Amino acid sequence: MTRRPPLGASAIWEAVMVAADYQCQCEGGLCGSQHSKTGLRCIETTAHGRLIVAPADLTLSPVAAAAVPAEQLRAWCLACHAKAQKRQMASLREQERQQATEEPLSLF
């Protein structure tokens, strides 16, 4: 298995990967795939590709994401991360849109 950590924050990357058993932690439809053929969890590992570390909440700003404690970070393959982030951002925009339409308009 290729387990080369990134140049920065390699200790955090290694801790997250050990906890994740060097496998993407996307499961149960976070990225849109149910991963139903693979026990409801993505099968990507460091042996097949590159994994990154990011929080479960992918709507956080880069500054807020950097402040997330290591135990709240997840291992992501690039495909699941991109798809999950797109889904979470769309959900956030929809929530904001609904909240904006619920507020009554007033003149005073």
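Remember, it's a predicted structure, so these values are computed and weren't measured experimentally. Sequential numbering from 1 along the given sequence is applied to the chain's residues.
- The two atoms that bring P55 and L73 nearest to each other are N-CD2, 3.6 Å, heavy atoms only.
- Atom CD of Q85 is separated from atom NE2 of H81 by 5.0 Å, given to the nearest 0.5 angstrom.
- Legend: residues meeting side-chain contact (heavy atoms from CB on, under 4.5 Å) with E96, ordered by chain and number and at least two apart, are L92.
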Can you list the steps and then say if C24 with L51 is a side chain to side chain contact (heavy atoms under 4.5 Å, CB included)? CA-CA 7 Å; C24 179; L51 297 183; 4.2 Å; yes

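- Counting only residues at least two apart or in different chains, salt bridge (charged side-chain N to carboxylate O under 4.0 Å, His left out) contacts with residues 57-84 are absent.
- Between the OH atom in Y22 and the OG1 atom in T46 there is a gap of 7.0 Å [rounded to 0.5 Å].
- Taking 4.5 Å as the limit, some side-chain heavy atom of C42 sits within range of a side-chain heavy atom of C77.
- The number of heavy atoms from other shown groups lying within 6.0 Å of CD1 (I43) does not exceed 12.
- Partners of Q95 under the side chain to side chain donor-acceptor pair (under 3.5 Å) rule, at least two apart in sequence or in another chain, do not exist in this structure.
- The hydrophobic cluster around L58 extends to L30, I52, W76, L78, counting ILVMFWY residues whose side-chain heavy atoms fall within less than 4.5 Å of a member.
- A search for side-chain contact (heavy atoms from CB on, under 4.5 Å) contacts involving A64 returns L60, S61, not counting sequence neighbours.
- Across Q88 and A56, no two heavy atoms sit closer than the pair NE2-O, 3.0 Å.
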I'd like a table of donor-acceptor pairs (distance under 3.5 Å, sequence neighbours excluded) in which one partner is a side-chain atom from residues 31-38, with atom names and distances.
from, atom 1, to, atom 2, distance (Å)
S33, OG, H35, N, 3.1
T38, OG1, H35, O, 3.1
T38, OG1, R41, O, 2.7

